[in-house]
Amino acid sequence: MPTKSARPSKTRAASGAVGGGSVFDRLDALARNLWWTWNPPARMLFESLDPALWRATNQNPLLTMAHLGETRRRVVESDPGLLARLAAVEKDLSAYLNAKTWYAREAQGPEKKMQVAYFCMEYAVHECLPLYAGGLGVLAGDHVKSASDLGLPFACVGVLWKYGYYRQEIQPEGSVRVLYPESPFDRLPVRDTGKRIVIPIGKSKVKARIWSLTVGRVNVYLLDTDIEGNTPADRRLSHFLYAGGDPEYRVRQEILLGIGGLIALEAVGVEPTVFHLNEGHAAFSPLERVRRLVKEGHGLDEAISLVRSQSVFTTHTPVPEGNDRFEPSLVMKYFPDLPKELGVSKEEFLGMGREDEHDKKEPFCMTVLALKLADHCNGVAALHGDTSRKMWMKTYGAKSAVEVPISHVTNGIHPETWLADEARPFYDKHLKPKWVGAGPTDDWWAKAGKIPAKDLWDLRCMLRRAFVAELRRRLREQAVYHGASTADLIPLYDALDENALTIGFARRFALYKRAPLIFKDAKRLAKIMNDAERPVQLVFSGKAHPMDEAGHAYVRTVTEFCRHPDFKGRVFILQNYDTAIGKLLTQGCDVWLNNPIRPMEASGTSGMKPCLVGGLNCSILDGWWPEAYDTTNGWALGDGTVFKDRAKQDRVDAEAIYSTLEKSVVPMFYDRDKNGIPQEWVKMMKRSMETVGCRFSTHRMVAEYTEHFYWPAHS
Ligand SMILES: *Cc1c(COP(=O)(O)O)cnc(C)c1O
């Protein structure tokens with residue numbers, strides 16, 4: 001079994017549930033188990049302390065409490081209603097932590113002794129914890145939550161980023177301001193474990209503090225090097241995620257995660273039997289494990305095969321920037337003695353990170369290193385499995401892709417995190433989900449077909465209205481912040497429409513995702529959107545990498561269209577895309593648009609989120625969508641044909657967007673029966689819920705990892 005320190009959540013939370021201590025102590029204890037992030041009564045309890053502060057702090061319970069005025073504090077302490085709600089929420093958490101889980105039911109014999117260690121650079125657990133950049137972090141956060149729900153013996157390591165990714169402000173004319181607000185660690189729902197470790201990174205001995213983020217039953221251990229005793233350069237290692245330095249900065253951060261992660265797990269008493277590298281960033285960790293085994297007297301081949309058998313590696317993108325490659329001299333600077341320790345030549349060592357191990361010019365690739373040190377490798381969707389097998393043939397010396405031992409586990413989302421609060425009562429009534437203790441095949445979405453059309457349509461309209469109200473509020477705030485005049489606000493009230501077909505597009509503004517593609521023929525789009533009888537509105541949000549000028553130019557282009565007379569009041573962009581905006585848009589929009597260049601979108605998960613509340617995907621057949629799309633549950637843009645000529649690809653795909661909107665999406669949305677219900681549309685909504693809800697959940701995904709990878713690796 002995991003050691004006591006591996007899961008202190010149970011004891012802590014249980015003691016919180018006893019009800020001892022002051023109200024604020026109890027609220028504090030509750031806040032430090034991130035279980036509240038996917039439980040509406042718990043979230044609303046914190047919100048009720050001060051709704052304005054809750055909003056202003058991006059829903060941070062500790063900051064909310066810290067800023068509460070004395071008068072309000074006294075009211076809270078003596079409010080019997082609040083006390084009753086607090087007690088009820090504590091009871092729910094306790095019931096959650098003590099529930100019989102899927103893992104407890106399924107694990108047999110030696111499987112009960114498994115302990116997974118999960119390594120990732122970023123975790124998106126909640127919007128108040130800015131420790132993520134995008135999809136990889138969102139996936140990791142959802143993986144952790146499902147691991148907790150399913151009861152897996154699971155511990156994670158990552159970094160407590162002081163400045164995280166960045167805060168994006170979009171100026172009225174479309175240029176982007178990149179800001180790095182400091183994270184107030186003492187007001188984040190994390191705990192200092194009190195453990196300090198030392199990590200050898202090149203010539204320096206870097207000290208790190210270990211924080212712990214408790215997510216239900218699972219702990220995420222986060223390293224922080226910004227502590228006294230470190231040089232300024234070493235302190236900076238945990239400052240910036242995916243930016244803030246040169247390749248050397250990145251190498252040092254990856255040593256921090258990979259090797260520091262191993263040392264951290266030892267320090268907190270976790271003894272993993274399985275190591276899961278979520279992306280190649282942590283690939284120095286299996287290398288370090290090899291080094292240790294050799295030092296203990298194992299032969300190199302034996303050490304590698306031991307390490308490989310226990311290692312799971314998930315590759316997340318075919319995009320070159322997502323697969324770190326370092327100059328050999330840089331790697332040698334940080335591992336000067338390693339070849340000797342392993343008993344190999346320098347070139348043999350560097351070959352572990354090369355596709356062609358004999359090519360002395362080839363850079364050292366973290367993905368290659370991970371592939372060579374893990375027996376259990378996978379892509380994140382069926383199509384991405386194919387793409388990865390083709391892409392990494394050389395690494396395996398394979399003559400054809402089928403020989404390459406990379407399989408796939410399709411990504412998912414944690415349903416409770418992304419389901420709209422307002423949809424919960426509806427779900428309870430129509431689908432009767434039993435979230436606590438559920439397993440990966442408990443499929444209440446399968447009953448969606450039986451929901452009366454009117455009820456489902458009413459839900460959709462309510463969610464759209466709630467969305468438009470919040471959108472108005474946010475857009476107004478954004479405009480005023482940037483010095484808007486009253487005239488600038490009029491389109492928010494005049495044109496933005498609660499009843500109009502609402503399309504959302506929110507994701508990283510990476511080039512292959514082609515955010516502005518829909519404007520390729522702006523006249524044709526304007527005609528579609530401005531039909532007075534059948535209006536369409538379009539809402540964007542997205543960040544580019546802080547150094548990606550072309551990505552920022554996408555933001556500018558979209559912003560210019562927002563201001564263009566043909567689109568004013570029809571097209572909007574929200575600044576600073578984060579998980580809060582992700583929830584807002586995926587819950588509120590009728591249609592989720594996705595137009596990446598196939599096959600660059602490894603999986604994508606944002607499109608799975610709207611399906612929980614009947615939102616419909618309109619997407620290129622890339623990532624997860626070819627697996628889900630069945631002609632009845634949304635739209636495919638094009639047929640998956642790939643053209644070498646990028647301009648031609650853009651033309652063909654834009655044409656597919658227009659013709660799909662003109663011929664199918666818009667007419668179907670506005671084709672109402674005598675009661676005002678679009679029957680065909682509602683049918684599609686039901687199919688979307690039925691076909692995506694269970695199959696693309698992280699419960700299914702984590703169970704697949706467990707059965708296909710974790711258990712074999714453990715044995
Ligand atoms: C869901 C989500 C993602 C992942 O979505 P993609 O489909 O990969 O773009 C990224 N960022 C945020 C904020 C999300 O909510």
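Worth knowing before you read on, the calculation uses all heavy atoms, side chains too, and leaves out hydrogens, waters and symmetry mates. Counting starts at 1 for both ligands and their atoms, following the listed order.
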For D442, all residues meeting side-chain contact (heavy atoms from CB on, under 4.5 Å), sequence neighbours excluded: A438, W444
message: Which residues pass the side-chain contact (heavy atoms from CB on, under 4.5 Å) test with A423, not counting sequence neighbours?
response: L419, A420, Y427, L459, V613
field: Pairs meeting criterion side chain to side chain donor-acceptor pair (under 3.5 Å) with involvement of residues 572-586, two or more places apart
entry: N58-D578, E127-T579, E127-K583, Y132-T579, H482-Q575, K543-N576
Ring geometry between Y705 and H276 (parallel below 30°, tilted from 30 to 60°, perpendicular above 60°): tilted
- prompt: Between H414 and H699, what is the ring plane arrangement, given parallel below 30°, perpendicular above 60°, and tilted in between?
  reply: tilted
query: Just checking, R250 and Y242: is the charged tip under 6.0 Å from the six-membered ring centre and within 45° of the axis?
result: no
Quick one: table the atom pairs, ligand 1 N or O against protein N or O, below 3.5 Å, distance rounded to 0.1 Å.
from     : atom 1 : to   : atom 2 : distance (Å)
ligand 1 : 5 (O)  : S606 : N      : 3.4
ligand 1 : 7 (O)  : T605 : N      : 3.0
ligand 1 : 7 (O)  : S606 : N      : 2.9
ligand 1 : 7 (O)  : S606 : OG     : 2.8
ligand 1 : 9 (O)  : K513 : NZ     : 3.3
ligand 1 : 15 (O) : K609 : NZ     : 2.6

